[in-house]
There are 2 protein chains.
Amino acid sequence: MSVTIKDIARIANLSHSSVSRALNNSNLVNEETIKKVKLIASELGYIPNYSAKGLSLNKSFNIGLFFPTLYEGTSAYFFYEAMQAVMKVIKNEYKLVIANVDDYKEAKYINKRNFDGIILVSQSCRDDFFINKILENEIPLVVLNRYVNSYRVNNIISDDRQGVCRAIEYLIENGHKKIAFIEGKEGLEPAKERKEGYFDAFLNNDIQLRKDYIVKGEYNIHSGYVAMQKILTVSDLPTAVFCSNDEMAAGALKAIYEKGLKVPGDISVVGFDNSIISSFSSPSLTTVNKPIKQMSTKGAEKILQIINSNVNEVETLYIKTDLVIRESVKSLI
Amino acid sequence: MSVTIKDIARIANLSHSSVSRALNNSNLVNEETIKKVKLIASELGYIPNYSAKGLSLNKSFNIGLFFPTLYEGTSAYFFYEAMQAVMKVIKNEYKLVIANVDDYKEAKYINKRNFDGIILVSQSCRDDFFINKILENEIPLVVLNRYVNSYRVNNIISDDRQGVCRAIEYLIENGHKKIAFIEGKEGLEPAKERKEGYFDAFLNNDIQLRKDYIVKGEYNIHSGYVAMQKILTVSDLPTAVFCSNDEMAAGALKAIYEKGLKVPGDISVVGFDNSIISSFSSPSLTTVNKPIKQMSTKGAEKILQIINSNVNEVETLYIKTDLVIRESVKSLI
DNA sequence: TAAAGTATTGCAACCGTGTGCAAGAGTGTG
DNA sequence: CACACTCTTGCACACGGTTGCAATACTTTA
C-alpha cells in the first residue's frame with residue numbers, strides 16, 4: 001500500500017484537504033504548514049496517485065504520440081527523433097503514450113478523459129477518420145508531417161516540395177540536366193509533394209521532363225534498388241538521380257555499384273531526410289534535411305500550450321527544409 | 001462531458017452498479033440486461049474513464065518501456081524494434097508509456113499505482129539504482145539486454161558473447177587469423193560480453209591475441225571510423241575486422257575506402273546487431289543477428305503474465321544470436 | 001402452501017485527490 | 001467592547017468506476 005495524502009494528514013495532524021492544498025502550493029494554506037507537509041511527504045516517499053488526481057481534475061496526464069500503421073512507412077529514424085523531441089518537451093508533467101492509429105481504428109479507447117492531447121504523425125488521408133474522431137472528442141490535436149485541409153486542425157509540416165525543388169536546382173547548377181526521379185510510396189502526401197518539387201524545378205529551368213526517368217518506389221531500400229535497376233536499363237543514362245528518401249538512395253547506390261558505375265563519378269545521387277543513413281553511406285549523401293526534431297518539438301509545445309491555456313488558436317506551421325551538401329554530387333561544369 | 005455508466009443507467013432504468021457489472025460480463029446480471037446495457041453503451045459511444053477504473057481497481061493500465069539515457073547508446077533501430085514488439089503484445093489492454101531512466105532519476109513519479117509493469121532496456125549497472133527503486137515498489141519488472149545479477153529480477157538477454165565467438169570462428173574457418181576488434185562503448189555490459197566472445201574464439205583456436213588489433217569504440221559511426229583509421233596505421237594490416245556493432249562497421253567501411261582498400265577484397269568486415277544499416281551498406285554486412293524483437297516480445301509477455309497471475313516466478317531467459325552471412329567476408333582459402 | 005433456495009437488482013461505501021463553503025481563530029478599527 | 005475583516009483550517013461532496021451486502025422477485029421443494 002502506497003502512501004496517500006491521508007497518511008500525511010494523520011501525521012501532520014491536519015485534514016487531507018489541507019494536505020492536498022499544501023502540496024499544490026495553495027495560498028490558502030499557511031507557509032509553515034506547507035513546509036511541514038512537504039517535509040513529511042518527502043520523508044514518507046509520497047507519490048501522488050495519478051488515477052485519483054486525474055479523476056478529480058478530469059485529466060489523464062497522458063499525451064499520445066500516434067503513428068500511422070507502424071508496420072510500414074514510418075522509418076525508425078523518424079520515430080526515434082520525434083519521440084525524443086516530444087519527451088524532452090513534456091518532461092515529467094505528462095506521460096508519453098505511444099500508439100498507432102490502426103490499433104485505435106474504432107477509436108474505442110480514445111477520449112478526452114484518457115488523452116489530454118494527441119500528436120499525430122500522418123502520411124496520408126487514410127488517417128482522416130482518426131483525425132475526425134479526435135476532433136469530435138475535442139481533444140487537443142496537432143498533426144505533423146502532412147497538410148490537413150481543415151480550419152480545425154493544428155498542422156506542422158515541412159516544406160518538402162520546396163526542399164526537393166532546391167535540391168534539383170542544385171543539381172542543375174552543377175550542370176546536370178538528365179536527372180532521374182525515384183518516387184516515394186504511392187498515396188502518401190509527402191511523396192506527392194516531393195514529386196511536385198521535382199516538377200517545379202524542371203519548369204523553372206525550362207528543362208524537358210522525361211517519362212522514362214521517373215520511376216515508382218516504396219520508400220524502402222529494396223524498392224530503391226529495383227527502381228534504380230530500371231533506370232539503368234534506359235539507353236541514355238541520366239547523370240543524376242534524386243531519390244525521395246535516403247533509404248531508397250541507399251538501394252540506388254547498390255544498384256549503381258552492381259552495374260560497375262561510380263557515385264558520383266558516373267552518376268550523382270541525392271536523397272531526402274538527412275537520416276543517419278545518409279551520413280553512413282559511401283559516399284555520404286547529399287540530401288534534403290527534414291527537420292523532424294524541430295517539427296516534433298513545436299508540436300509538443302503547441303499541445304502543452306493548448307492544454308494549459310485552454311485556448312486553441314488553430315494554426316499551420318511550415319518548417320523549412322534545407323539542403324545538406326555532402327559527397328554524392330559531381331559538378332559537370 | 002463524456003458518457004458515464006450513470007448515463008447508461010438512467011436510460012436503461014437500472015442502477016449504475018448493474019451497468020458496471022453488465023459491462024464487465026458479471027454473471028450476477030441477467031443476460032438480457034447485459035445485452036441491453038451493451039447496446040445502449042455502444043449507441044451512446046461510451047468509453048470508460050480509465051482514471052476512475054484505475055482508482056477503484058488499483059491499476060494504472062500503463063506499461064512502462066524505459067530506456068537508459070536515450071540521448072546516447074540506444075540506437076534508433078533497437079528503440080523501434082522493441083517498441084513495436086511490446087505494442088503488439090499489450091495491444092489495447094494497456095497503454096505503452098515510453099520514458100527514460102534519467103528523467104526518473106529520483107523515481108519521483110514511479111509507483112505501483114502509476115505503472116502496472118515496467119520493461120527496462122539496460123546497458124550498464126548505472127541503471128541499478130533504478131532497478132532497486134522498482135523492486136522496492138514491488139512493480140513487476142523485466143530487464144532486457146543486460147544480465148542483472150539478482151534473484152529478484154526477470155531478465156531476458158541475448159547471448160552476445162557466443163554470437164561474437166561464432167562470428168570470429170566463421171572468419172577463422174575462412175582462413176583469417178589476423179582479426180582486429182573494435183570495442184563497444186566502455187562500461188556497457190553487452191560491450192564487455194562481445195569482447196569476451198572475441199577472446200573465447202581466439203582461445204578455442206589457439207591464436208595469439210594482438211594488442212594493436214584491439215581498439216576502443218563508442219558504438220557510433222564516427223568512433224568506428226576513427227578506430228578503423230587507427231587500425232590501418234598498424235604496419236602489419238589485419239585481414240578482417242570485427243566491429244561491436246553495425247554502426248561502427250559502417251564507419252570502418254568508410255575509413256577503409258578512404259585508404260584506397262576494398263571490402264572484402266583487402267579487408268573483411270563483420271558487424272553486430274543485424275540492423276537495417278547492415279543491409280544498406282555496400283557491401284552488405286555479415287553480422288550477428290540480435291533478436292531484439294523476440295526479446296521484447298518475451299519481455300512483454302512476461303510482464304502481462306505477472307500482472308494477470310499475480311505470481312512472479314523470477315527467471316532469466318537467454319535468447320540465441322545467430323550469424324547472418326552477407327557479402328563483407330572474403331574466404332582466404 | 002410455506003419454506004428454502006436462486007437469480008437479479010439496488011444501496012452504500014470505497015478508491016485518492018481536489019475544492020466550495022462554513023467555521024473558527026486572530027487582528028484591526030471605531 | 002462590538003464588529004468587520006483576513007487567514008487558516010476542516011467538513012462534506014464530487015469525480016466515475018467496483019463490489020460486499022441486503023433486498024426483492026421468482027423458482028423449487030417438501
Side-chain angles (χ1 to χ4, degrees), chain A residues 1-38 40-41 44-62 93 108-116 137, chain B residues 1-38 40-41 44-62 93 108-116 137:
Chain A
M1 283 276 291
S2 340
V3 180
T4 73
I5 54 170
K6 291 185 183 173
D7 298 320
I8 300 176
R10 202 174 310 120
I11 294 178
N13 242 324
L14 282 167
S15 69
H16 77 276
S17 354
S18 292
V19 173
S20 170
R21 290 197 183 95
L23 291 173
N24 290 310
N25 297 309
S26 159
N27 53 8
L28 287 177
V29 188
N30 187 310
E31 293 243 348
E32 290 301 312
T33 312
I34 294 188
K35 274 185 198 160
K36 187 173 74 177
V37 166
K38 288 195 170 174
I40 296 176
L44 294 183
Y46 168 74
I47 295 168
N49 179 326
Y50 282 91
S51 293
K53 264 183 118 89
L55 179 57
S56 152
L57 293 174
N58 196 16
K59 281 189 84 164
S60 67
F61 298 97
N62 288 330
E93 272 185 274
K108 241 186 187 166
Y109 303 95
I110 296 189
N111 193 322
K112 194 162 185 167
R113 291 220 156 85
N114 299 329
F115 286 100
D116 292 338
N137 280 282
Chain B
M1 281 276 291
S2 340
V3 180
T4 72
I5 53 169
K6 290 184 184 171
D7 298 321
I8 300 176
R10 203 174 312 119
I11 294 177
N13 242 323
L14 282 168
S15 68
H16 73 279
S17 357
S18 292
V19 173
S20 169
R21 290 196 185 96
L23 291 173
N24 291 309
N25 296 311
S26 159
N27 54 7
L28 287 177
V29 188
N30 186 311
E31 294 243 349
E32 291 301 312
T33 312
I34 294 188
K35 274 186 199 159
K36 186 173 73 177
V37 166
K38 287 195 172 175
I40 298 176
L44 294 182
Y46 168 74
I47 295 169
N49 179 326
Y50 282 91
S51 293
K53 262 183 119 90
L55 180 57
S56 120
L57 293 174
N58 196 17
K59 280 189 84 163
S60 66
F61 299 96
N62 288 330
E93 273 186 89
K108 242 186 186 165
Y109 304 94
I110 296 191
N111 192 323
K112 193 160 186 169
R113 291 219 157 86
N114 299 328
F115 285 100
D116 291 338
N137 280 283

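Only heavy atoms go into these numbers, but all of them, side chains included; no hydrogens, no water, no symmetry mates. In the text below, chain A, chain B and the rest are named by the order of the sequence lines, each starting its count at 1. As the structure is a computational prediction, the values presented were derived from the model and not from experiment.
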Please report, rounded to the nearest Å, how far the [atom2] atom of [N] is from the [atom1] atom of [X].
X: N49(B); N: dC15(C); atom1: CG; atom2: P; answer: 18 Å
X: K6(B); N: dG16(D); atom1: NZ; atom2: P; answer: 7 Å
X: N58(A); N: dG17(D); atom1: CG; atom2: C1'; answer: 14 Å
X: D7(A); N: dC15(C); atom1: CG; atom2: P; answer: 11 Å
X: E32(B); N: dC26(D); atom1: CD; atom2: P; answer: 16 Å
X: L28(B); N: dT6(C); atom1: CG; atom2: C1'; answer: 12 Å
X: I8(A); N: dG10(D); atom1: CD1; atom2: P; answer: 14 Å
X: I34(A); N: dT8(D); atom1: CD1; atom2: C1'; answer: 11 Å

Step by step, would you call S60(B) with D116(B) a side chain to side chain donor-acceptor pair (under 3.5 Å)?
CA-CA 6 Å; S60(B) 66; D116(B) 291 338; 3.1 Å; yes
Contact class for [X] (heavy atom, under 4.0 Å): base, sugar-phosphate, or nothing?
X: L55(B); answer: base
X: I5(B); answer: base
X: S26(A); answer: nothing
X: L23(A); answer: nothing

Determine the minimum heavy-atom distance between K53(B) and F61(B), stating which atoms define it.
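That closest heavy-atom pairing would be CB-CE1, 3.9 Å.
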Smallest separation among heavy atoms of A41(A) and L23(A), with atom names:
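That closest heavy-atom pairing would be CB-CD2, 4.0 Å.
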Heavy-atom donor-acceptor pair, [X] side-chain to [N] base, under 3.5 Å:
X: H16(A); N: dG10(D); value: no
X: S51(A); N: dC15(C); value: no
X: T4(B); N: dC15(D); value: no
X: R21(A); N: dG10(D); value: yes

Looking only at side-chain N and O atoms, does [X] come under 4.0 Å of OP1 or OP2 in [N]?
X: S20(A); N: dG18(C); answer: yes
X: N30(A); N: dC7(D); answer: no
X: S15(A); N: dT9(D); answer: no

In terms of side-chain heavy atoms of [X], which of [options] is nearest?
X: Y46(B); options: dA12(D), dG17(D), dC15(D); value: dG17(D)
X: T33(A); options: dT17(C), dT9(D), dT9(C); value: dT9(D)
X: V29(A); options: dG16(D), dT9(D), dG10(C); value: dT9(D)
X: R113(B); options: dC15(D), dG16(C), dT9(C); value: dG16(C)
X: K53(A); options: dT9(D), dT9(C), dG18(C); value: dG18(C)

Quick one: do the K112(A) and N49(B) side chains pair a donor with an acceptor below 3.5 Å?
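There is no such pair between these side chains.
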Comparing nearest nucleotides in DNA chain C, the 5'-proximal residue of the pair L57(A), S18(B) is S18(B)
Derivation of the side chain to side chain donor-acceptor pair (under 3.5 Å) call for K36(B) and N13(B)
CA-CA 11 Å; K36(B) 186 173 73 177; N13(B) 242 323; over 6 Å; no
Can you list the steps and then say if K38(B) with N25(B) is a side chain to side chain donor-acceptor pair (under 3.5 Å)?
CA-CA 10 Å; K38(B) 287 195 172 175; N25(B) 296 311; 2.7 Å; yes
